[in-house]
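Reviewing the structure listed below.
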Protein chains: 2
Amino acid sequence: MAARDVVAQQDQPWSRRRLRSTNERLLLDRLRGLGAASRAQLARETGLSKPTVSSALASLEAAGLVHEVGTHAPERGRTAVLYAPDPAAGYALGVDIGRGWLRVAVVDLDGTVVARSDVRNRARASAAMADLVVGTARQVIGNSGVDPAEVVHGVVGTPGVYDEKQRRVRYAMHLPGWGRAGLFDRMREELGVPLEVHNDANLAALGEYTYGVGAGSRLFAYILIGTGLGMGVVSEGRLFTGAHGLAGEIGFLPWPGRQKPERLEDAVSGVAVVEAARQFGMSGQLTAKAVFDAARQGNPAAVRAVELEGERIAHTVAAAAAVLDPDLVVLGGGVGHSVDLLLRPVGEQLRTLTPLRPRIAPSRLGEDAVLLGAVATALGTARDLVFERRTGEGRPVRG
Amino acid sequence: MAARDVVAQQDQPWSRRRLRSTNERLLLDRLRGLGAASRAQLARETGLSKPTVSSALASLEAAGLVHEVGTHAPERGRTAVLYAPDPAAGYALGVDIGRGWLRVAVVDLDGTVVARSDVRNRARASAAMADLVVGTARQVIGNSGVDPAEVVHGVVGTPGVYDEKQRRVRYAMHLPGWGRAGLFDRMREELGVPLEVHNDANLAALGEYTYGVGAGSRLFAYILIGTGLGMGVVSEGRLFTGAHGLAGEIGFLPWPGRQKPERLEDAVSGVAVVEAARQFGMSGQLTAKAVFDAARQGNPAAVRAVELEGERIAHTVAAAAAVLDPDLVVLGGGVGHSVDLLLRPVGEQLRTLTPLRPRIAPSRLGEDAVLLGAVATALGTARDLVFERRTGEGRPVRG
DNA sequence: CCGATAAAGTTAAGGAGCCTTACTAGAGGC
DNA sequence: GCCTCTAGTAAGGCTCCTTAACTTTATCGG
């Protein structure tokens with residue numbers, strides 16, 4: 001969304017006002033990259049002249065986006081005054097609505113988590129779940145000691161796809177009633193924070209890209225295997241969403257299963273592992289985790305079930321590799337703990353399926369991937385918002 | 001490539017020189033969109049002031065990028081002088097190297113084809129093929145009457161993937177020796193035109209997006225079915241290439257064929273249609289075209305072969321749809337003429353494979369898709385180049 | 001035919017914001 | 001104490017944008 005605004009602006013004319021704004025933005029971004037820097041250093045790095053840097057930095061300081069943060073003594077010569085972005089100039093909210101857990105975090109503009117809460121999600125009705133989200137978010141903001149008005153943006157991760165026009169979630173098979181219209185509007189209203197809604201696998205991909213093993217990848221795919229099955233794709237640092245936000249809905253991949261075509265999601269998700277294990281002879285109260293644990297102990301039925309799961313994931317990876325050409329595929333979600341068991345069978349099967357062999361790695365963030373992705377996304381928008389409102393306060397606007 | 005430069009520039013500081021340059025660029029682009037416009041009209045549309053538009057337009061005219069093109073009488077008031085981009089300010093070269101045909105076109109900056117030649121490609125050795133390309137390109141430029149130095153950029157479409165580092169084509173299975181290093185360097189040198197090399201399916205996608213049925217699609221996939229099998233993906237108007245330029249190499253899709261896993265390319269390409277027809281009982285000297293023609297006449301073996309081909313294509317489309325979420329899939333290439341026969345079986349099979357059902361359409365450009373894609377790509381870069389060299393000639397450069 | 005109106009385009013004045021140059025400030029080395 | 005080196009400031013100039021007023025050229029209505 002923020003990115004689209006920038007693109008739209010490129011058709012606008014360039015007056016000196018825009019020039020100044022762009023240079024201030026350049027300095028702020030550079031400062032975030034460096035952590036802290038002197039005016040002279042910024043001038044060298046950006047190519048701007050020293051006076052320009054001084055004046056732009058003064059504006060940023062007046063707007064409260066930047067502040068002095070210490071000094072640095074060069075080998076010889078006058079000591080420099082260091083500036084850094086003010087992390088307290090605004091805050092962002094991240095929410096991960098999972099079937100089992102609800103996670104909420106508030107971060108400052110540096111991306112540091114200032115408050116967080118993970119609560120079991122026992123709500124069955126969608127209204128109760130919305131209430132839980134709002135309540136927990138209020139509580140986290142309260143605990144953080146941050147003025148609620150300073151939480152300028154929030155991002156929510158949920159299964160399914162958010163339809164901007166109908167203002168509701170679609171394709172959230174595992175959350176009954178969650179597709180009702182108006183749910184998120186109510187949450188926005190009660191919370192008083194703008195909320196952006198994204199698919200959980202997409203956010204997990206962004207999280208893993210920003211804070212995890214995906215860093216620096218040109219094209220990277222995150223496969224979320226849990227109750228459901230999803231994939232998020234990050235291309236050149238930006239989320240790849242497709243025409244209707246359905247990109248990566250690999251639950252819909254054709255899968256050569258039985259006579260009647262079966263959805264891949266049903267063949268790969270946690271439920272399928274349990275089903276396979278049962279078919280191979282395991283019995284009792286099984287969960288996916290239990291099957292993986294048994295396989296680690298050497299239980300033959302469990303080993304065969306895991307082997308089969310590996311083959312199925314390999315099929316998914318092979319399809320994604322042929323279409324997208326990723327340089328890295330990360331496996332995460334519920335099976336995240338068990339990726340060590342899966343890597344070998346996936347790799348072996350992949351060799352028989354396709355000559356393409358992207359690097360495959362387990363998630364580094366584990367259960368936090370979705371939340372951190374939400375936080376990273378919200379942070380990006382929050383930084384934009386805080387920067388944009390600067391002008392209005394700092395100086396009078398004239399035509 | 002041009003797009004990447006723009007991104008890189010965004011980290012550079014914005015001085016006054018850049019300001020002017022950006023506004024001139026804005027005006028030129030707007031002018032291309034409108035075809036022709038008066039200064040007052042441009043001022044209204046861009047938001048720039050009238051004096052600024054006058055002065056920037058004068059610079060552009062001095063640089064030869066823009067010229068007066070007529071007048072327009074408003075309902076009342078003084079008649080306006082109309083300006084338009086000068087199409088003769090530079091030229092671009094497009095080349096489609098296919099196994100059967102070599103196509104070359106020269107276009108002016110408006111995108112109008114000023115000369116074109118299609119020749120049979122009978123060369124078997126790669127060196128002969130390179131010579132044929134250079135010879136034909138020279139001839140087309142000669143016929144166009146354009147000064148060869150004014151052909152500022154060229155784009156070549158070929159099967160396979162061009163490796164920028166090794167400076168050679170890879171994965172061009174159907175062109176023996178075509179992967180040799182130095183081939184394109186020699187062509188560049190002998191022709192004296194910078195040549196960019198791209199995968200043919202990718203260019204076809206871009207061509208169909210720019211001039212064909214793909215116009216305005218948010219995410220669109222072009223499936224090229226001919227001697228080989230390839231897919232090009234255009235996302236938000238830009239080519240989607242993946243991490244190593246292999247995106248859309250759907251020849252590598254896993255395909256539930258026989259006992260031994262078979263490459264999808266072998267199952268879907270033209271050769272496979274012939275093979276299937278033979279298996280179903282046809283005989284004689286068969287080509288893919290012959291099979292399709294026979295099917296149109298009602299030959300049962302041919303009909304079954306076409307049916308099977310439809311199922312295979314449906315499998316491809318289903319996989320692409322689940323991963324990419326396109327709003328449009330175009331079928332083109334050698335089977336382009338026969339898409340009418342395929343649409344029904346593809347649609348039917350797709351219904352059984354996946355709930356996702358992107359719009360499927362035949363190519364509008366047919367055999368010209370690759371060439372027009374090459375031309376469109378070259379045109380973009382040529383416009384950039386011509387705009388950039390303007391400064392050097394028009395005015396002295398000062399720090 | 002002549003003034004009113006309207007649109008296109010130019011001229012002139014003013015100002016925003018950048019750069020360069022030249023300076024001051026402060027820290028170490030000899 | 002003086003030299004050198006780096007950080008930062010001050011002054012002046014240049015570019016290029018905007019606003020506002022003006023000129024030019026067309027139509028319309030009397």
Side-chain angles (χ1 to χ4, degrees), chain A residues 12-27 31 34 36-62 66 68-84 390-391 394-399, chain B residues 12-27 31 34 36-62 66 68-83 391 394-399:
Chain A
Q12 295 297 108
W14 287 87
S15 62
R16 285 170 306 282
R17 177 171 242 58
R18 281 270 308 268
L19 192 73
R20 181 49 172 277
S21 157
T22 313
N23 279 335
E24 287 182 11
R25 188 57 195 257
L26 175 68
L27 286 170
L31 224 36
L34 295 169
S38 70
R39 285 171 277 216
Q41 190 183 347
L42 283 169
R44 281 191 302 268
E45 296 222 359
T46 60
L48 291 165
S49 68
K50 289 195 288 177
T52 301
V53 170
S54 285
S55 127
L57 223 48
S59 295
L60 287 172
E61 188 169 24
V66 135
E68 293 186 17
V69 81
T71 57
H72 167 76
E75 297 208 355
R76 30 230 248 82
R78 176 175 170 179
T79 45
V81 178
L82 298 181
Y83 282 81
R390 146 208 63 120
T391 328
R395 301 171 282 167
V397 178
R398 263 197 303 161
Chain B
Q12 295 298 108
W14 288 86
S15 63
R16 281 149 305 177
R17 180 175 265 353
R18 290 272 306 270
L19 192 73
R20 181 47 171 278
S21 156
T22 313
N23 279 335
E24 285 181 11
R25 186 59 195 256
L26 174 69
L27 286 170
L31 224 38
L34 295 168
S38 69
R39 284 172 279 216
Q41 191 183 346
L42 284 169
R44 279 191 303 268
E45 296 222 358
T46 60
L48 291 164
S49 65
K50 288 196 289 177
T52 301
V53 171
S54 285
S55 125
L57 224 48
S59 295
L60 287 171
E61 188 170 25
V66 135
E68 293 187 16
V69 80
T71 57
H72 166 76
E75 298 210 351
R76 35 229 249 83
R78 176 173 170 179
T79 43
V81 178
L82 298 182
Y83 283 80
T391 328
R395 299 171 283 166
V397 178
R398 263 197 302 165

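Numbered from 1 within each chain, the chains take letters A, B, ... in sequence-line order. What you are looking at is a predicted structure, and each value in this text was computed from that prediction instead of being measured. Every heavy atom of this structure was used, including side-chain atoms; hydrogens, water molecules and symmetry mates were not.
The minimum heavy-atom distance between B:Val53 and B:Ala43, with the atom names listed, is CG2-CA, 3.7 Å.
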Restricting both atoms to N or O, compile the protein contacts to nucleotides 27-30 of chain D shorter than 3.5 Å, with distance only.
unit_1	atom_1	unit_2	atom_2	d
D:dT27	O2	B:Arg76	NH1	3.4

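Here B:Ser55 pairs with B:Arg20 under the side chain to side chain contact (heavy atoms under 4.5 Å, CB included) rule; sequence neighbours left out. For B:Ala80, the side chain to side chain contact (heavy atoms under 4.5 Å, CB included) criterion is met by B:Ser38, not counting sequence neighbours. Taking B:Val81 as the reference, B:Arg39, B:Glu68, B:Tyr83 meet the side chain to side chain contact (heavy atoms under 4.5 Å, CB included) condition, with sequence neighbours excluded. Legend: residues meeting side chain to side chain contact (heavy atoms under 4.5 Å, CB included) with A:Ser49, ordered by chain and number and at least two apart, are A:Pro51, A:Thr52.
The phosphate of C:dA7 (OP1 or OP2) has no side-chain N or O of B:Arg39 nearer than 4.0 angstrom. Distances shorter than 4.0 Å separate some side-chain N or O of B:Ser38 from OP1 or OP2 on C:dG9. For C:dG17, neither phosphate oxygen OP1 nor OP2 lies less than 4.0 angstrom from any side-chain nitrogen or oxygen of A:Asn23. Within the 4.0 Å cut-off from OP1 or OP2 of C:dG9, not a single side-chain nitrogen or oxygen of B:Ser54 is found. Between B:Arg20 and D:dC17, a side-chain N or O to OP1/OP2 separation shorter than 4.0 Å is present. Here B:Thr52 reaches the OP1 or OP2 of D:dT18: one of its side-chain N or O atoms lies under 4.0 Å away. Between B:Thr79 and D:dT25, a side-chain N or O to OP1/OP2 separation shorter than 4.0 Å is absent.
Per the geometry, CG belonging to B:Leu19 stands 14 Å off C1' belonging to C:dG15, to the nearest Å. Rounded to a whole Å, the NE2 atom of A:His72 is 15 Å from the C1' atom of C:dG26. Distance, A:Arg18 CZ to C:dC18 P: 14 Å, rounded to whole Å. When rounded to the nearest whole Å, the span between CG of B:Leu27 and C1' of D:dC16 equals 14 Å. As a whole-Å value, the separation of A:Leu57 CG from D:dT9 P is 10 Å. As a whole-Å value, the separation of A:Arg17 CZ from C:dG17 P is 6 Å. Remark: C1' of C:dG9 and CD of B:Glu68 are 12 Å apart, rounded to the nearest angstrom. C:dG17 atom C1' lies 19 Å from atom NZ of A:Lys50, rounded to whole Å.
Nearest nucleotide to the side chain of B:Pro51, out of D:dA20, D:dC17, D:dG8: D:dA20. The nucleotide whose nearest atom lies closest to any side-chain atom of B:Ala80 is, among C:dT10, D:dG8, C:dA8, C:dA8. Comparing D:dA20, C:dG17, C:dA8 against the side chain of B:Arg44 picks out C:dA8 as the nearest.
Exactly one residue among A:Leu60, A:Val69, A:Leu57 makes a side-chain contact (heavy atoms from CB on, under 4.5 Å) with A:Leu31. That residue is A:Leu57.
Note on B:Ser49: a base of the nucleic acid sits closer than 4.0 angstrom, heavy atoms only.
No hydrogens or angles were tested; on distance alone, nothing pairs the side chain of A:Arg78 with the base of C:dA27 as donor and acceptor under 3.5 Å.
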Side chains of residues 70-78 of chain B: which donor-acceptor pairs under 3.5 Å do they make with residues two or more places apart or in other chains?
none

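A heavy-atom distance below 4.5 Å is not found between the side chains of B:Val66 and B:Leu27.
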